[in-house]
Number of protein chains: 2
Amino acid sequence: MTKRKLTRSEIKRQAILDAAKQTFQELGVQGTSMDELAARAQVSKRTVYNHFASKEALIMELIGELWQQATLMPQGAYDPTADLQVQLSALIESEIAVICSREYIELNRVAFDHFFHQPEALQKEVEKFAAIETGIKRWIKAARVDGRLRELDTEIAAGQIHNLIKGSCFWPQLVQVAPILNEKERHELAERTAAMFLSHYQK
Amino acid sequence: MTKRKLTRSEIKRQAILDAAKQTFQELGVQGTSMDELAARAQVSKRTVYNHFASKEALIMELIGELWQQATLMPQGAYDPTADLQVQLSALIESEIAVICSREYIELNRVAFDHFFHQPEALQKEVEKFAAIETGIKRWIKAARVDGRLRELDTEIAAGQIHNLIKGSCFWPQLVQVAPILNEKERHELAERTAAMFLSHYQK
DNA sequence: AAAAGTAAACTATACGGTGCAGTGTAGATT
DNA sequence: AATCTACACTGCACCGTATAGTTTACTTTT
């Protein structure tokens with residue numbers, strides 16, 4: 001337990017980050033003034049600038065948190081003895097759990113908001129994430145080598161799974177045209193995604 | 001042909017709209033000042049305001065174009081005598097042609113940019129589009145009634161197709177992390193999407 | 001001559017960021 | 001217990017800049 005040792009400074013800093021996360025998410029990065037932010041954090045504007053050199057630095061700190069969170073992605077190993085539908089479905093569901101989480105989506109909103117008009121910078125950030133999206137890819141490769149899937153292009157096949165997932169539980173939530181999925185919905189999404197994938201690719 | 005009858009006023013108006021479309025797309029709505037816009041349109045700032053009451057009005061005019069364009073979506077009819085893969089693949093490809101077009105995506109960028117922080121307004125706009133996405137849904141229903149598909153939930157099944165499409169040719173392009181698909185890529189996407197769908201649902 | 005366009009200056013406002021004088025606090029020294 | 005010290009927080013004025021929209025005085029097009 002890391003608890004009772006927060007200096008006053010650390011408390012303030014955290015208050016700023018919390019307020020920033022919430023306010024950026026609510027009003028947008030552009031729409032949030034540093035004055036508003038300081039007010040919400042119940043901190044003087046000067047204190048904000050004592051902790052963060054600029055608005056940009058504050059934003060990047062938050063996006064850094066996102067990157068850190070993404071590295072927690074589950075990396076289920078392929079099990080040659082288990083049923084394909086069962087294990088793929090479970091792997092997908094655990095990946096959905098991350099992608100669907102409020103925290104993850106909200107931070108992504110801030111990031112997309114910030115990078116929407118800087119395609120090259122966004123592309124760089126996305127590359128970091130691309131490295132992460134290999135959990136399912138590796139599983140597919142393993143199952144293919146094991147001879148339980150028919151011939152396929154791993155990139156494309158993994159992409160199909162991700163498209164099926166994200167189209168239901170990420171993109172609409174990112175742009176806030178659909179609510180975040182509940183546990184049952186996530187489970188069903190995982191099941192039917194695995195089922196469709198295996199209908200096509202299982203030997 | 002509607003050609004040689006453009007008044008000077010109409011020419012100026014169109015120059016403003018063209019410049020706005022291009023500049024909003026390039027620099028973002030927030031990032032585009034009305035001065036910059038007038039300069040690019042080679043028109044005085046006053047002229048801009050003579051044609052459009054406000055920046056907001058100009059934006060909405062462009063988004064209106066988007067809506068108009070979306071209504072041109074193809075509505076392929078189900079043919080009980082034709083091969084499922086062939087006709088579904090063709091239907092999907094024609095839908096991709098719209099969704100993938102530079103024009104469509106660029107206008108969507110402007111729209112999302114503008115509505116990103118107004119979830120309720122965005123939701124209303126999206127509802128208009130939801131009505132459009134019924135081409136494939138209708139085809140599925142028809143094929144189901146004809147007994148050539150197994151039991152399914154039309155909403156979900158059509159959603160799966162759209163997720164498979166948009167995940168490859170719309171979302172990444174919207175946020176500019178991937179280039180627009182060329183004809184061959186579109187064709188292959190349509191083929192493999194239809195194939196996967198039918199693997200799972202065809203009787 | 002009426003309608004539309006032009007250039008440039010102007011209004012009003014908002015925002016990112018800085019400087020500074022003073023205040024609160026926690027821990028070390030007396 | 002009283003005092004000292006280092007450091008962080010506060011509040012506010014202030015600067016420079018950007019931007020939506022307007023006004024004015026003049027020119028061009030039809």
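Residue numbers begin at 1 in each chain, while the letters A, B, ... track the order of the sequences. What you see is a predicted model; the values in this text were computed from it and never measured.
- Distance A:E10 CD to D:dC7 P: 16 Å, rounded to the nearest Å.
- For the atom pair CG (B:N163) and OG (A:S168), the distance works out to 4.5 Å, reported to the nearest 0.5 Å.
- A salt bridge does not link B:K124 to B:E120: none of the charged nitrogens lies less than 4.0 Å from a carboxylate oxygen.
- Panel note: side chain A:D146, backbone A:A142; no donor-acceptor pair is recorded below 3.5 Å.
- Judged by distance alone, with hydrogens and angles left aside, the side-chain atoms of B:R186 form no donor-acceptor pair with the main-chain N or O of B:C169 at under 3.5 Å.
- When A:R109, A:K21, A:R40 are each tested for a side-chain hydrogen bond (donor to acceptor under 3.5 Å, both in side chains) with A:E26, only one passes: A:R40.
- In this structure, B:R150 places its CZ atom where more than 12 heavy-atom neighbours from other residues, nucleotides or ligands lie under 6.0 Å away.
- For the pair A:D113 (side chain) and A:G28 (backbone), a donor-acceptor distance under 3.5 Å is absent.
- Qualifying side-chain contact (heavy atoms from CB on, under 4.5 Å) partners for B:Q30, counting only residues two or more places apart in sequence or in other chains: A:Q30.
- For B:F24, the ring pair (Phe, Tyr, Trp, His ring centres under 6.0 Å) test picks out no residue, with sequence neighbours left out.
- Only A:T32, A:S33, A:M34, listed by number, bring a heavy atom of residues 27-36 of chain A to less than 4.0 angstrom from any atom of DNA chain C.
- Side chain of A:T23 to backbone of A:A20: no donor-acceptor contact under 3.5 angstrom is found.
- The stretch residues 44-62 of chain A touches DNA chain C through A:K45, A:R46, A:Y49, A:S54, A:K55, each having a heavy atom under 4.0 angstrom from the strand.
- Of all the residues in residues 109-120 of chain B, not one reaches under 4.0 Å from DNA chain C with any non-hydrogen atom.
- Note that CD1 of B:I16 is 8.0 Å distant from CG of B:L58, once rounded to the nearest 0.5 Å.
- Side chain of A:K55 to main chain of A:V29: a donor-acceptor pair is present (N/O by atom type, distance under 3.5 Å, no hydrogens or angles).
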Between the protein and nucleotides 25-30 of chain D, list every N/O to N/O distance that falls short of 3.5 Å.
none

